[in-house]
A.B. asks: 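Structure provided below as C-alpha cells; questions to follow.
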Amino acid sequence: MPATSPLRPVTADEVDTFWRDGVVCLRQVMPVGWLDRMAAPLEEALATEATADLSAMGDGLAAAGAQRTVDPAVAAEGAARGRFRAGTDHWRLQPEFLDFAVSSPLGALVASLLGCPDVWLYEDSVLVKEPGTEERTAFHQDMAYFHLDGDLVCTTWVPLDRVDASSGAVRYVVGSHLDRIRYRPNLFVTNASIPGTEGEQVPDFDTDEQLGATRIVSFDTAPGDVVVHHARTIHGARGNATTDRRRRAISVRYAGTGTVFSPVPGIPRKAHHADLVAGASLDDDQFPRAWPPQA
Ligand SMILES: O=C(O)CCC(=O)C(=O)O
C-alpha cells in the first residue's frame with residue numbers, strides 16, 4: 001500500500017482557512033500512488049449497485065415536472081451527452097475503497113484540520129462527470145443528509161483528474177458553515193428538496209439575486225490536491241459540458257471526536273446503522289476508524 005502520511009503536513013494557515021471559510025484546498029498532499037491504486041476500483045464502482053446514473057435520474061425528475069439543474073454551457077452540436085454518475089458507500093463492497101478511506105493520508109489530514117484525536121469514516125462517494133455532462137450538482141449541505149450531530153464533520157474531495165471550472169470544479173459558499181440553519185437535502189440534479197425532509201430549502205446561489213454579494217470559491221485542482229469542506233458548507237458544481245476531459249473524484253466523509261448518531265427525518269438509514277440509537281457515540285464497528293491509524 002502507498003504511504004499513510006501526507007506528502008507534507010497541514011499548515012496553521014490551512015487550518016485557519018478551513019474554519020474561517022468552511023473549505024480549504026490542500027495542495028499536493030496525496031501521494032499519486034493512492035490515486036493510481038484507485039483508478040481501476042473507481043471504474044468497477046461505476047458498475048455496482050452502489051452507483052446511480054444521476055443524468056437519467058434528472059431526466060426522470062424533469063419528466064415528472066421538476067426542474068433539473070443544467071449548465072448554461074452547452075456541448076457542441078452533435079457531441080455525445082455525458083453522464084453524471086455518483087454512488088455512496090463503495091467501501092462496503094470494495095476493499096480498496098476501505099483502504100483508501102482508512103489507510104491513506106486522508107485520516108491524518110482530517111485530524112489536523114478538525115483538531116481532534118479520533119476520526120471515523122462516515123461514507124465515501126464516487127462522483128464522475130464524463131465529457132458532455134450538462135448536469136450541475138445542485139447546491140446542497142452535506143450535513144442535511146448525514147445521520148450525525150456534531151461540529152467535527154467534514155468531506156474530503158479527491159480529484160483523479162485535472163479539474164477546473166469548465167470541467168465541474170466544486171463551488172463552495174464561503175462561510176456558509178457558520179450559519180446554524182438546518183437545510184433540506186435535494187437529489188443533486190434538482191434544487192427541489194426531498195419530500196418528507198425538514199428545514200429550509202437551500203437557496204440557488206446561481207439564480208437568487210439577493211445572494212449576489214455571496215462569495216463563492218472554487219479551485220483548479222490537479223491530482224495530489226485534496227479539497228476539504230466542513231459538512232455544513234453549502235456547495236455545488238457546474239457540469240462538464242464543453243471539455244474533453246473526464247472529471248473523476250472520490251469524496252470521503254469523516255466525523256471526529258464527540259460526533260453522535262442522529263437520524264435525519266426523511267432520509268433512510270444505512271443498513272449497517274439499523275441498530276444504532278439516536279445519541280449513540282460513534283464506534284469502530286459501524287464507523288471504521290481512520291485516525292489514529294490501525295496496526
Ligand atoms: O463532485 C460533485 O459534483 C459534488 C461533490 C459533493 O457534493 C461532495 O462531495 O460533497
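One-based numbering, in listed order, for ligands and for the atoms of each.
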A.B. asks: I need the nearest protein heavy-atom contact for atom 9 (O) of ligand 1: residue, atom name and distance, please.
C.D. replies: Ser251 OG, 2.7 Å
A.B. asks: Could you tell me whether the side chain of Asp89 and the main chain of Arg92 form a donor-acceptor pair under 3.5 Å?
C.D. replies: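 The answer is no, because no donor-acceptor pair under 3.5 Å joins these two groups.
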A.B. asks: So Asp59 and Arg68, do their side chains get closer than 4.5 Å, heavy atoms only?
C.D. replies: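 Result yes, sub-4.5 Å side-chain heavy-atom pair found.
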A.B. asks: Among His229, His177, His230, find the residue that satisfies the ring-ring contact (aromatic ring centres under 6.0 Å, His included) test when tested with His235.
C.D. replies: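 Answer to the ring-ring contact (aromatic ring centres under 6.0 Å, His included) test with His235 among His229, His177, His230: His229.
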A.B. asks: From the options Arg248, Arg253, Arg247, select the one whose nearest heavy atom is closest to atom 1 (O) of ligand 1.
C.D. replies: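 Answer by nearest heavy atom: Arg247.
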A.B. asks: Give me the residue, atom name and distance of the protein heavy atom closest to atom 6 (C) of ligand 1.
C.D. replies: His235 NE2, 3.5 Å
A.B. asks: Please work out which of Thr137, Asn240, Ile250 has its closest non-hydrogen atom nearest to atom 4 (C) of ligand 1.
C.D. replies: Thr137
A.B. asks: Is the shortest side-chain heavy-atom distance between Trp157 and Val163 below 4.5 Å?
C.D. replies: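 Yes, at least one pair of side-chain atoms sits under 4.5 Å.
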A.B. asks: What I want to know is whether Thr155 and ligand 1 share at least one N or O pair that is separated by under 3.5 angstrom.
C.D. replies: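 Not met; the criterion fails.
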A.B. asks: I need the atoms of ligand 1 closer than 4.0 Å to a non-hydrogen atom of His229, numbered in the order shown.
C.D. replies: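 In order of numbering, the contacting atoms are 10 (O).
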A.B. asks: Applying a strict under-4.5 Å side-chain criterion to I, L, V, M, F, W and Y, I'd like to know whether Leu127 and Tyr145 cluster together.
C.D. replies: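 Yes; tracing contacts between hydrophobic side chains, which count when under 4.5 Å, links both residues.
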A.B. asks: Could you list the atoms of ligand 1 found under 4.0 angstrom from a heavy atom of Asp142?
C.D. replies: 10 (O)
A.B. asks: With atoms numbered from 1 as shown, which atoms in ligand 1 lie under 4.0 angstrom from a non-hydrogen atom of Ala237?
C.D. replies: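 Checking each atom against Ala237, I get 3 (O).
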A.B. asks: Taking the six-membered ring for Trp and the full ring for Phe, Tyr or His, determine whether the centres of His147 and Tyr122 are under 6.0 Å apart.
C.D. replies: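 For His147 and Tyr122, the ring centres are not under 6.0 Å apart.
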